[in-house]
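Just so we're on the same page: letters track the sequence lines, and every chain starts at 1.
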Amino acid sequence: MGLVTVLQLQLQPSLSFSLDFGGRFSCSSTSNSTLLRVSVKCSALSTPLSLGQIAMNCTEAVKGEKGNEVESTNILEFIDQCTNTMQLKQIHAHMLRTSRFCDPYTASKLLTAYAISSCSCLIYAKNVFNQIPQPNLYCWNTLIRGYASSSDPTQSFLIFLHMLHSCSEFPNKFTFPFLFKAASRLKVLHLGSVLHGMVIKASLSSDLFILNSLINFYGSSGAPDLAHRVFTNMPGKDVVSWNAMINAFALGGLPDKALLLFQEMEMKDVKPNVITMVSVLSACAKKIDLEFGRWICSYIENNGFTEHLILNNAMLDMYVKCGCINDAKDLFNKMSEKDIVSWTTMLDGHAKLGNYDEAHCIFDAMPHKWTAAWNALISAYEQNGKPRVALSLFHEMQLSKDAKPDEVTLICALCASAQLGAIDFGHWIHVYIKKHDINLNCHLATSLLDMYAKCGNLNKAMEVFHAVERKDVYVWSAMIGALAMYGQGKAALDLFSSMLEAYIKPNAVTFTNILCACNHAGLVNEGEQLFEQMEPLYGIVPQIQHYVCVVDIFGRAGLLEKAASFIEKMPIPPTAAVWGALLGACSRHGNVELAELAYQNLLELEPCNHGAFVLLSNIYAKAGDWEKVSNLRKLMRDSDVKKEPWCSSIDVNGIVHEFLVGDNSHPFSQKIYSKLDEISEKFKPIGYKPDMSNLLQLSEEDNLMEQSLNVHSEKLAIAFGLISTASSQPIRIVKNIRICGDCHAFAKLVSQLYDRDILLRDRYRFHHFRGGKCSCLDYW
DNA sequence: TTAGGGTTAG
């Protein structure tokens with residue numbers, strides 16, 4: 001094979017690299033020349049350069065030789081000294097010209113630089129790798145390592161599989177830490193477990209580096225127990241082992257254990273380093289343990305730790321999470337160096353406390369408007385029940401030139417759309433994701449699926465679910481939650497079984513959703529059994545939300561005594577939500593005695609609960625105890641109980657219209673009320689009389705004084721839906737409290753008489769009205 | 001000939 005042919009072959013991958021220059025890359029060969037004449041047009045340099053000039057630029061850049069004869073011994077030094085990808089590409093071009101690329105050692109150095117240095121460029125790394133005739137283990141490991149830290153860690157495993165096939169050497173002690181790194185980023189437990197087995201078979205299970213990366217893998221994959229088993233059994237530990245284990249506990253939601261481990265580390269005279277302190281602070285922040293946090297801050301001060309940006313950021317975060325915004329502010333002002341994390345932590349701290357003015361001041365003072373800063377602001381509004389402001393900020397961000405929406409921005413925007421029931425905007429984001437070729441990872445897919453489900457399109461939610469290749473526990477849980485909302489309990493249970501068959505370990509969220517599914521579908525035995533299995537079978541200690549679900553399951557099914565005795569036996573103190581569930585059940589099934597017990601307990605915990613008052617008042621009214629009704633209402637008027645504004649919203653052509661009870665502020669108000677009159681006329685022949693005529697029955701939405709004049713917000717929204725949407729379109733409504741019985745009956749009749757699908761999401765679930773029936777089968 | 005593990009915000 002002649003030199004030209006060799007070089008041509010070597011140039012093959014370089015053809016793709018030319019595209020990254022943003023210009024042309026051309027090569028030609030002369031019949032009698034031993035070298036190719038190559039010209040590259042760089043986007044940064046308007047005139048084409050010969051390789052000689054490139055080499056010269058490179059030489060100048062690294063203050064090396066004169067002219068284009070770069071000494072071959074200097075090439076390795078030049079590679080090491082490169083500070084940007086352009087310089088590396090110049091050296092690459094030079095190596096191709098001077099045939100230095102044929103030397104496997106030099107080529108592997110170039111590969112390393114492309115794969116893992118600060119000038120990394122993995123497409124080039126792979127191309128260089130492909131040009132090395134028989135890459136040795138070092139080269140394979142380097143490529144695996146490069147991809148392990150990339151945006152696509154799966155590639156590490158594909159390369160590893162290829163290596164097992166093609167490389168004559170076995171994976172060694174360097175291979176596994178890189179693979180565990182990739183596995184920890186993918187958070188796929190069984191993948192790492194298989195690797196763990198390979199480590200044992202390869203007799204590498206006492207290697208400190210491998211074991212430390214294994215602890216980190218189990219910790220990142222939600223298995224702190226397995227991480228701890230490795231930690232306990234390892235023959236020798238260094239500070240990295242302790243740090244990895246502290247972090248595994250903190251990540252696994254066990255900050256207490258993380259802090260205990262730090263104390264144990266102290267007792268065993270293992271000297272902590274900066275990373276230990278960062279991990280411990282992170283655990284304090286997660287535990288909201290200000291006392292320990294402050295102690296750590298003084299420990300840092302007294303133990304000779306020099307100022308360190310990440311450590312300062314971790315302290316800031318601890319103060320913010322523990323609610324000490326002033327301490328955070330003092331530290332922030334003292335910090336000699338600040339980065340995006342410092343600014344965002346402060347911004348987020350203020351925004352989460354609802355100090356929006358302060359948050360905006362920080363945003364304005366930022367040296368650069370990072371995407372993360374926009375995200376912090378948008379997410380604060382979204383999470384504090386201000387989805388409209390969140391979406392308007394999202395629009396503002398799109399108009400700004402400084403930052404582009406990223407995955408986190410889109411997740412926040414999807415959550416805001418879900419809150420509003422703004423399906424058109426949510427769908428727009430879906431299109432945006434596709435158009436910009438944004439990777440639909442599990443987090444984004446979960447938000448998208450959730451948005452479709454909450455906006456009343458279960459089929460589309462299911463479509464997104466099926467489109468996710470590697471579903472994590474959150475994707476599965478969200479789909480189970482979506483089915484629960486639609487009352488499809490059996491389907492939710494089937495999906496839960498499929499999830500277990502796919503070896504996905506359920507978490508606390510999965511159980512909240514599956515119990516909720518049992519609740520909405522009246523599956524009492526199934527729900528009870530799942531709850532009992534949570535800890536012994538799945539290792540999940542039931543939390544308060546699970547207890548609420550079970551009380552609701554029993555209560556809704558009329559098993560009031562069983563619900564009450566379940567509360568009595570709870571190992572954790574019942575919260576207002578637990579008593580609220582019992583009170584709701586008493587209201588539905590008319591048990592005055594238990595209702596009073598639930599009401600008293602609830603009021604002790606939440607003295608200003610308007611919903612509790614309404615429920616008890618209705619229970620008394622149903623039982624005909626007018627004196628108690630009257631006393632309760634007087635008490636209510638005299639107290640400071642304030643209602644949040646209950647409302648219903650409807651998305652019409654991308655605009656969300658909101659209605660309050662008895663609202664007449666909408667521009668189409670007159671038409672809306674005329675439509676309601678028309679509906680009443682239509683309903684007369686079939687004998688429908690609104691429950692509103694019974695002044696003693698209240699719903700949460702009613703105003704005491706002007707009750708007879710009020711029309712519930714969902715009726716207004718339904719009427720508006722009928723006049724403003726095509727007859728073929730479903731009417732999608734979101735309500736921020738539970739639908740009342742009268743409106744439920746009203747919606748059923750409208751769906752029948754106007755032949756319309758109505759999808760109404762209340763605080764707890766979906767009601768799909770069609771042909772006079774509701775998907776909840778009147779069980780809600 | 002070459003190398004590796006643990007850290008902060010949204």
Side-chain angles (χ1 to χ4, degrees), chain A residues 76 79-80 103-113 115-117 136-146 148-149 172-181 184 204 207-217 219-220 227 230-231 234 237-248 250-251 272-283 285-286 308-318 320-321 328 332 338-349 351-352 359 363 370-380 382-383 403 405-409 411-412 443:
Chain A
L76 298 177
I79 292 174
D80 283 344
D103 170 38
Y105 184 73
T106 317
S108 70
K109 279 291 188 189
L110 183 68
L111 166 69
T112 306
I116 56 172
S117 74
N136 62 12
L137 192 52
Y138 171 83
C139 294
W140 285 100
N141 286 346
T142 304
L143 202 59
I144 290 170
R145 183 184 172 193
S149 315
N172 65 0
K173 60 176 184 168
F174 293 104
T175 319
F176 289 102
F178 304 144
L179 289 171
F180 281 124
K181 170 124 186 171
S184 68
L204 289 168
D207 182 89
L208 186 60
F209 284 81
I210 291 178
L211 292 174
N212 287 346
S213 56
L214 191 53
I215 294 171
N216 183 48
F217 159 71
S220 313
V230 175
F231 179 79
M234 63 198 288
K237 303 175 183 64
D238 66 1
V239 66
V240 178
S241 326
W242 289 86
N243 291 349
M245 195 58 235
I246 288 172
N247 210 38
L251 281 177
N273 62 13
V274 168
I275 296 176
T276 322
M277 304 324 294
V278 171
S279 304
V280 173
L281 282 165
S282 171
K286 285 195 174 78
H308 186 284
L309 179 62
I310 296 178
L311 190 51
N312 277 339
N313 286 344
M315 284 196 268
L316 275 186
D317 182 50
M318 183 276 294
V320 164
K321 296 251 167 77
F332 183 76
K338 298 180 182 90
D339 67 356
I340 181 171
V341 178
S342 335
W343 283 97
T344 314
T345 305
M346 290 306 293
L347 169 56
D348 189 52
K352 287 253 163 70
F363 185 75
W370 292 285
T371 298
W374 284 98
N375 292 350
L377 215 48
I378 292 171
S379 97
E382 179 262 309
Q383 285 174 17
D406 68 2
E407 180 208 315
V408 178
T409 330
I411 288 168
C412 291
H443 204 161

*Any chance the rings of A/W343 and A/F363 have centres within less than 6.0 Å?*
no

*Using atom CG of A/L311 as one end and atom P of B/dT8 as the other, report the distance to the nearest whole Å.*
12 Å

*Scan A/S108 against the nucleic acid and name what it touches under 4.0 Å (heavy atoms): base, sugar-phosphate only, or nothing.*
base

*If you look at every strand shown and take non-hydrogen atoms under 4.0 Å, does A/L208 touch a base, only sugar-phosphate, or nothing?*
base

*asked:* Can you tell me whether the side chain of A/D207 and the base of B/dG4 have a donor-acceptor pair closer than 3.5 Å?
replied: yes

_Are B/dG4 and A/F174 stacked, with the base six-membered ring and the side-chain ring centres under 5.5 Å apart and planes under 30°?_
no

*For A/F174, all residues meeting ring pair (Phe, Tyr, Trp, His ring centres under 6.0 Å), sequence neighbours excluded*: none

*Would you classify A/D238 as touching base, sugar-phosphate or nothing, given that sugar-phosphate means primed atoms plus P, OP1 and OP2, and contacts are heavy atoms under 4.0 Å?*
base

_For the backbone of A/S241 and the side chain of A/D238, can you confirm whether one donor and one acceptor N or O come within less than 3.5 Å of each other?_
yes

*Do any side-chain nitrogens or oxygens of A/R145 fall under 4.0 Å of OP1 or OP2 in B/dA3?*
no

_When you compare the ring of A/Y105 with the six-membered ring of B/dT1's base, are the centres less than 5.5 Å apart and the planes under 30° from each other?_
yes

_Base of B/dT2, side chain of A/N136 - is there a donor-acceptor contact under 3.5 Å?_
yes

_Any side-chain to backbone donor/acceptor pair from A/S213 onto A/I210? Under 3.5 Å, distance only._
yes

*Output all residues satisfying ring pair (Phe, Tyr, Trp, His ring centres under 6.0 Å) with A/W140, sequence neighbours left out; order by chain, then residue number.*
A/F129, A/H162

*Can you figure out which of B/dG6, B/dA3, B/dG4 approaches the side chain of A/I210 most closely?*
B/dG4

*Just call it for A/D103: base, sugar-phosphate, or nothing, with non-hydrogen atoms closer than 4.0 Å on any strand.*
nothing

*When you get a sec, tell me which of B/dG4, B/dT2, B/dT8 is the closest nucleotide to the side chain of A/N313?*
B/dT8

*Does the base of B/dA9 carry an N or O that pairs as donor and acceptor with the side chain of A/D317 under 3.5 Å?*
no

*Can you tell me the distance, in whole Å, between the CE atom of A/M277 and the P atom of B/dT7?*
16 Å

*Heavy atoms under 4.0 Å, any strand shown: does A/K321 hit a base, just sugar-phosphate, or nothing?*
sugar-phosphate

